[in-house]
Structures are given as structure tokens and as C-alpha cells.
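Fair warning: this is a prediction, and the values are worked out from it, not measured in the lab.
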Amino acid sequence: MDDIEQLDALIGDQVHKQEHLFGAGSKIIITTRNRDPLIAHGLKIYYLKEQEYPHSLELFRLHAFEDIQPSLEFLDLSEKVVKVAGGLPLALKVFGSHLKNRDRQYWEVELGKLEKHPHEKVLERLKISYDGLNGLQKNVFLDIACFLIGSTKEQALYMWEDRYAAYSAVNALESKSLISMYFNNEFRMHDQVRDMGRWIVKVGNNKPHNYSRVWDSDDIFKLLGDAKNEKEVDSFWCLYLHDELYDQDGCEIIQGSDPAIISFLSYLTRL
């Protein structure tokens with residue numbers, strides 16, 4: 001269920017007094033990526049957690065071996081793949097199907113790839129939630145995925161020009177379960193969702209100066225080096241998440257910057 005019209009059709013529109021289709025005592029289970037329609041109807045919400053490790057391993061084995069007890073040859077590799085999936089059922093199913101009926105050497109090669117680069121089939125299916133966002137929500141989501149995981153909401157709001165609109169966008173992302181808030185109001189994001197956001201920034205682009213956001217230190221150094229020689233580079237926006245930051249000329253390094261500031265500071269350099 002994606003919007004309130006679908007929910008009204010299912011359980012009845014209380015505002016216009018439309019009757020629902022179910023009798024008294026009926027129990028209806030609704031799955032959704034957006035909790036707002038459930039809140040509007042005053043429905044009880046249960047939040048699904050990541051699968052616990054034993055259940056994750058079992059689900060992966062069912063798709064990789066069609067059995068929950070694989071041979072000992074693949075036991076260690078199965079455990080490593082499950083850790084990469086991070087308890088996400090979609091990733092477990094995709095990884096399992098991808099490795100099914102393959103030999104150990106193939107598993108080892110593919111595991112190495114998964115540890116460095118997310119699987120595109122997983123990312124493409126996760127992207128459905130991203131595609132349903134408006135323009136501002138997409139930008140805020142990508143900022144968080146690339147720069148702001150671990151930063152507090154209060155810190156991050158200083159980064160966006162329109163703080164009130166950004167605040168609304170953050171709430172929308174939380175409602176759609178694309179982000180979550182830790183106990184001290186810090187941004188949290190599932191590793192696979194984070195990788196999806198960063199993949200969106202990079203997909204189809206081979207050079208860092210084509211990225212809308214740059215977060216990897218190697219890309220930052222390459223970008224700053226290329227920027228002095230390549231005229232087609234117009235601008236870039238990057239955040240360096242360690243304890244040193246290039247100034248706007250791309251030359252001088254600012255040492256000892258406050259980590260709390262570094263965590264949400266961004267800058268735009270025009271050449």
C-alpha cells in the first residue's frame with residue numbers, strides 16, 4: 001500500500017463515511033513503505049527489524065542451496081555473504097540466487113566483489129523507494145547517504161539553505177523508512193540503502209568531476225588534481241569526513257577541525 005487512497009478503498013474513508021469491506025473483528029495486515037497513511041487512520045504500526053543472523057543464514061541457504069543445511073565446503077562463505085547482506089531479506093534472496101549451483105572459486109570471487117561494490121539487482125529494487133520521492137527529498141536523501149550518517153538532525157539542518165523544507169523532507173524520509181533516528185537524534189541508514197544512494201550518484205559516470213557529491217577521499221584527491229587541468233569541470237560539492245579539509249582553493253589543508261563541524265560541513269568550489 002503506497003498512498004491513502006488505497007487505504008481508504010481497503011478499510012473505508014472515515015471522512016466521507018464510506019463503509020469498509022470487512023466485518024467486525026477482522027484483522028488486516030498492511031505492508032507499506034510510507035507510514036503516514038497509517039498514522040492518518042490511527043492504525044497500530046509495527047516496525048520490522050532486520051532479520052537476526054540465524055534466520056538470515058537460513059533464508060540465504062534456502063535460495064543458494066534449496067536447503068538450510070549446505071555442505072561444509074560453503075559454510076564459511078555463506079556466513080560471510082550473510083554479513084554483507086546486513087539482515088536485508090531482499091539482499092539475501094538476490095545473493096543466494098546469484099550464487100546458486102556455483103563452485104567455491106566463483107563464490108570467493110563474487111564475495112570479494114560484494115564486499116567492495118553493492119549488487120546492482122538489489123540496488124535497482126531498493127531504488128523504487130527513492131523514485132517515489134520529490135526533488136527536495138531526493139537531494140536530502142543523497143546528502144544523508146553520502147555525508148551525514150551519524151550526524152544529528154540539528155547539525156544537518158544547518159547545511160541546507162531552506163531549513164524548514166529540509167526538516168519536512170527528513171520527516172518524509174523517516175516515514176518511508178529510508179532513514180531512522182538513533183536515540184540522540186542521529187541519522188541512521190541501512191548499509192544497503194546507503195549503498196543505493198551512493199550508487200545513484202555514481203551510476204553512468206566514470207569520473208569524480210561528474211558526481212553531484214564526492215565523499216571518498218581518493219575521489220576527492222583525484223578531483224582536486226584534475227580540476228587544475230580540465231576546463232570542462234565547472235563545480236563540485238564535497239565533504240571530507242576526517243579531521244582535515246581542503247579550503248575552497250583546493251590547496252591549503254585545514255588541520256584540527258572540530259569533528260562535529262566536519263560531520264556536516266559541505267562546500268561548493270567554482271573554477
From [X] atom [atom1] to [Y] atom [atom2], the distance as rounded to the nearest 0.5 Å:
X      : Y      : atom1 : atom2 : answer
Glu174 : Arg188 : CD    : CZ    : 13.0 Å
Lys80  : Leu75  : NZ    : CG    : 11.0 Å
Ile29  : Tyr46  : CD1   : OH    : 10.0 Å
Tyr167 : Asp162 : OH    : CG    : 14.0 Å
Tyr106 : His98  : OH    : NE2   : 3.5 Å
Lys176 : Tyr130 : NZ    : OH    : 13.5 Å

Taking a hydrophobic cluster as the set of Ile, Leu, Val, Met, Phe, Trp and Tyr residues connected by side-chain heavy atoms closer than 4.5 Å, whether directly or through intermediates, do [X] and [Y] fall within one such cluster?
X      : Y      : answer
Val203 : Met196 : yes
Leu90  : Leu114 : yes
Ile149 : Met181 : yes

With side chains defined as the heavy atoms from C-beta onward, is the minimum distance between [X] and [Y] less than 4.5 Å?
X      : Y      : result
Asp143 : Trp160 : yes
Ile200 : Arg213 : no
Glu108 : Arg104 : yes
Asn171 : Lys153 : yes
Glu110 : Phe95  : no
His63  : Leu92  : no
Phe141 : Ile144 : no

(message) Quick check against the 3.5 Å criterion: does His119 have a side-chain atom that pairs as donor or acceptor with the backbone of Ala91?
(response) no
- Task: Please check if the side chain of Gln137 supplies one atom and the backbone of Ser168 the other of a donor-acceptor pair under 3.5 Å.
- Result: no
Would the number of heavy atoms belonging to other residues, nucleotides or ligands and lying under 6.0 Å from [atom1] of [X] be above 12?
X      : atom1 : answer
Glu52  : CD    : no
Lys93  : NZ    : no
Lys138 : NZ    : yes

Over all heavy atoms of both residues, which pair between [X] and [Y] is shortest? Give the atoms and the distance, please.
X      : Y      : answer
Val214 : Phe147 : O-CE2, 3.4 Å
Phe74  : Arg102 : CZ-O, 3.6 Å
His190 : Gly86  : NE2-O, 2.9 Å
Ala166 : Leu136 : N-CD2, 4.2 Å
Leu148 : Ala156 : CD1-CB, 3.9 Å

Begin with the C-alpha distance, continue with both residues' side-chain angles, and end with the deciding distance and a verdict on side-chain contact (heavy atoms from CB on, under 4.5 Å) for Leu126 and Asp195. CA-CA 10 Å; Leu126 289 175; Asp195 291 345; over 6 Å; no
From the list Val193, Leu178, Leu173, side-chain contact (heavy atoms from CB on, under 4.5 Å) with Ser129 holds only for Leu178
* To do: Answer with yes or no whether the side chains of Asn184 and Glu186 bring together a donor and an acceptor at under 3.5 Å.
  => yes
> Stepwise, does the side-chain contact (heavy atoms from CB on, under 4.5 Å) test hold for Leu111 with Glu115?
Replying inline: CA-CA 6 Å; Leu111 176 59; Glu115 289 175 336; 3.9 Å; yes
Check: Trp107 ring centre within less than 6.0 Å of Phe65 ring centre | yes
What's the verdict on salt bridge (charged side-chain N to carboxylate O under 4.0 Å, His left out) for Asp191 and Lys83, showing C-alpha distance, side-chain angles and the deciding distance? CA-CA 11 Å; Asp191 288 352; Lys83 289 180 180 178; over 6 Å; no
Query raised in the report: Step by step, would you call Glu124 with Lys127 a salt bridge (charged side-chain N to carboxylate O under 4.0 Å, His left out)?
Result: CA-CA 5 Å; Glu124 288 169 355; Lys127 189 173 177 287; over 6 Å; no
